[in-house]
Amino acid sequence: MGRPKYVYGRRHDYVYYPVAWTDSSSGVRYEKGYYDENGQRYEDVAFEKNGKYENVVCHCPYCAQDSLVNLDADAVGAQALQCPYCGAPMEIRSLLDQSAGVSDLRTDAAAADFGGGAYTQQPKKKSRVWLVAAILLLSLFVIGRAVSRIGRAGQQLQEFPTGQYDVGGPSSNVELFGETIALSSGEDGAFFIGGGEADKLLVWSAGDESYYDAQSDCWLWYNTDVEPPVWQYWYEGISSDYGDYGWMEHDADGWYIEASGGNWIQLPPRYDASALWYIAD
């Protein structure tokens, strides 16, 4: 998993989507890859670093194999690109650009996380609005570049009317719990924050804006955009079966998963819930 990011280049500014997703309100589908300020999509963009373009995707038209190569920035046009499979000359498929910075696609209130977005409280289940928020932020991204490229990263969003955002919103996960959370085990998959000797340690991943547990291959974050706040979980092998959705919650009735936009269902019995854990209050 992951979140979209702004990537600022010399040739273009980009929004990078780590997975394909569909805007449920408009029906527009966005594929995995980079979108520039004009809406043009690129499968891959390689950025110069220390005089080299790293992990450039090259394609061999003869044997149809793709390879990742590193190119010297000063010798892109002259460097021989020989296919390691058949020896034929390869073509560069990546767009080459120079990076001028990277920032998260989100507001200060953390209301626009991709794959873990804001929700609106409902009697039992919650309605996901991160898709709409992502489209809004993409529009602001295009407008902001046309007006000025000053104040990149976090400053760019702050230049827009603050009435649209809750800039003084709830504290971030790291402010609430720190970059590492020590958990003690209870019964039936329950874990508690603190409580003596740690049975499990969660580490904050800045790139994914979530805590991660390597033992269970689970990402989780504390959603403070609902009342009361709730822990939400992304279990690889389960959540990943639901494409753009798949975030999970646990309550007194067991596990729920978002099968589609705003459609929360009980976790289907084909999944082994006994292997899942959660943070209890």
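Atoms considered below: every heavy atom in the structure, side chains included; atoms not considered: hydrogens, waters and symmetry mates.
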Less than 4.0 Å between a side-chain N and a carboxylate O, is that true for Arg93 and Asp44?
-> no

Test log, rule ring-ring contact (aromatic ring centres under 6.0 Å, His included), inputs Phe177 and Tyr222 = CA-CA 10 Å; Phe177 305 105; Tyr222 193 57; 5.3 Å; yes

Compute whether any side-chain donor of one residue and acceptor of the other, for Glu249 and Trp231, lie under 3.5 angstrom apart.
-> no

Cluster check Phe191, Ile193: I/L/V/M/F/W/Y, side chain < 4.5 angstrom = yes

Over 12 foreign heavy atoms within 6.0 Å of CD, Glu91 | yes

Under 4.5 Å between side-chain heavy atoms, hopping through other hydrophobics if needed: is there a path connecting Tyr34 to Val57?
-> no

Minimum heavy-atom distance His59-Pro61, with the two atoms named | O-CD, 3.5 Å

Trp219 and Tyr212 aromatic ring geometry - parallel, tilted or perpendicular at 30°/60° bounds | tilted

Arg10 and Asp97 have their tightest heavy-atom pair at N-OD1, 3.1 Å

Counting distance only, does the side-chain N/O of Glu37 pair as donor-acceptor with the main-chain N or O of Asp13 below 3.5 Å?
-> yes

Test item: Arg11 side-chain N/O and Leu96 main-chain N/O as donor-acceptor pair under 3.5 Å = yes

Check whether any side-chain heavy atom of Lys52 sits under 4.5 Å from a side-chain heavy atom of Leu71, and report yes or no.
-> no

Any side-chain heavy atom of Asp251 within less than 4.5 Å of one from Tyr256?
-> yes

Distance (rounded to the nearest 0.5 Å) between Glu31 CD and Tyr17 OH = 12.0 Å

Report yes if the side chains of Ile92 and Val69 come closer than 4.5 Å at any heavy-atom pair, otherwise no.
-> no

How about Cys83 and Pro89: do any of their side-chain heavy atoms sit closer than 4.5 Å?
-> no

Without swapping roles, check the side chain of Asn38 against the backbone of Gln40 for a donor-acceptor pair under 3.5 Å.
-> no

Non-hydrogen side-chain atoms of Lys32 and Tyr16 separated by less than 4.5 Å | yes

How far apart are the C-alpha atoms of Trp255 and Ile265, what are their side-chain angles, what is the distance that settles it, and do they pass the side-chain contact (heavy atoms from CB on, under 4.5 Å) test?
-> CA-CA 9 Å; Trp255 285 98; Ile265 63 173; over 6 Å; no

Indicate whether any N or O donor in one side chain lies under 3.5 Å from an N or O acceptor in the other, for Asp208 and Ser210.
-> no

Closest contact, heavy atoms only, Asp199 versus Ser184 | OD2-CA, 3.4 Å

Centres of the Trp21 and Tyr35 rings: under 6.0 Å?
-> no

Measure from the side-chain N and O atoms of Tyr14 to the backbone N and O of Val45, and report whether any donor-acceptor pair falls under 3.5 Å.
-> no

OG (Ser260) and OH (Tyr245) are apart, to the nearest 0.5 Å, by 6.5 Å

Worked check of salt bridge (charged side-chain N to carboxylate O under 4.0 Å, His left out) between Lys200 and Asp213 = CA-CA 8 Å; Lys200 185 184 292 290; Asp213 175 48; 3.1 Å; yes

May I ask whether Val174 and Leu220 are part of the same hydrophobic cluster, defined by side-chain heavy atoms of I, L, V, M, F, W, Y residues being less than 4.5 angstrom apart, directly or through others?
-> yes

Flag the pair Met90 / Pro84 as yes when at least one side-chain heavy-atom distance between them is below 4.5 Å, and no otherwise.
-> yes

Determine whether the side chains of Tyr53 and Asp72 contain a donor N or O and an acceptor N or O closer than 3.5 Å.
-> no

Grab the two heavy atoms, one from Ala259 and one from Tyr242, that are nearest each other, plus how far apart they are.
-> CA-CD2, 3.6 Å

Exercise: identify the closest heavy-atom pair between Gly243 and Trp234 = O-CH2, 3.9 Å

Identify whether Leu176 and Leu202 are in the same connected component of the hydrophobic contact network (ILVMFWY, side-chain heavy atoms under 4.5 Å).
-> yes

Without hydrogens or angle criteria, can the side chains of Asp36 and Tyr42 be said to hold a donor-acceptor pair below 3.5 Å?
-> yes

Distance in Å, His250 NE2 paired with Tyr278 OH, rounded so as to fall on 0.5 Å steps | 4.5 Å

Heavy-atom pair with the smallest gap, counting every atom of Cys58 and Leu81 = SG-CD1, 4.2 Å

Derivation of the side-chain contact (heavy atoms from CB on, under 4.5 Å) call for Val15 and Tyr6 = CA-CA 5 Å; Val15 175; Tyr6 285 132; 3.8 Å; yes

Taking Ser239 for its side chain and Gly246 for its backbone only, find out whether a donor-acceptor pair lies under 3.5 Å.
-> yes

Is any side-chain heavy atom of Ile181 less than 4.5 Å from a side-chain heavy atom of Val203?
-> no

The reported gap from CH2 in Trp204 to CG in Asn173 (rounded to nearest 0.5 angstrom) is 4.5 Å

Could you state the interatomic distance from NZ (Lys49) to CD (Gln98), rounded to the nearest 0.5 Å?
-> 14.5 Å

Quick one: are Asn70 and Val56 in side-chain contact, heavy atoms under 4.5 Å?
-> no

Please answer whether the main-chain N or O of Ser172 pairs with a side-chain N or O of Glu175 as donor and acceptor at a distance below 3.5 Å.
-> yes

Give, for atom OH of Tyr235 and atom CG of Asp241, the distance between the pair rounded to the nearest 0.5 Å.
-> 15.0 Å

After noting the C-alpha distance and the side-chain angles of Ser67 and Tyr85, does the key distance pass the side-chain contact (heavy atoms from CB on, under 4.5 Å) rule?
-> CA-CA 9 Å; Ser67 302; Tyr85 300 97; 3.6 Å; yes

Dump the intermediate steps for side-chain contact (heavy atoms from CB on, under 4.5 Å) on Trp221 and Gln232, then the final yes or no.
-> CA-CA 6 Å; Trp221 75 304; Gln232 294 174 334; 3.1 Å; yes

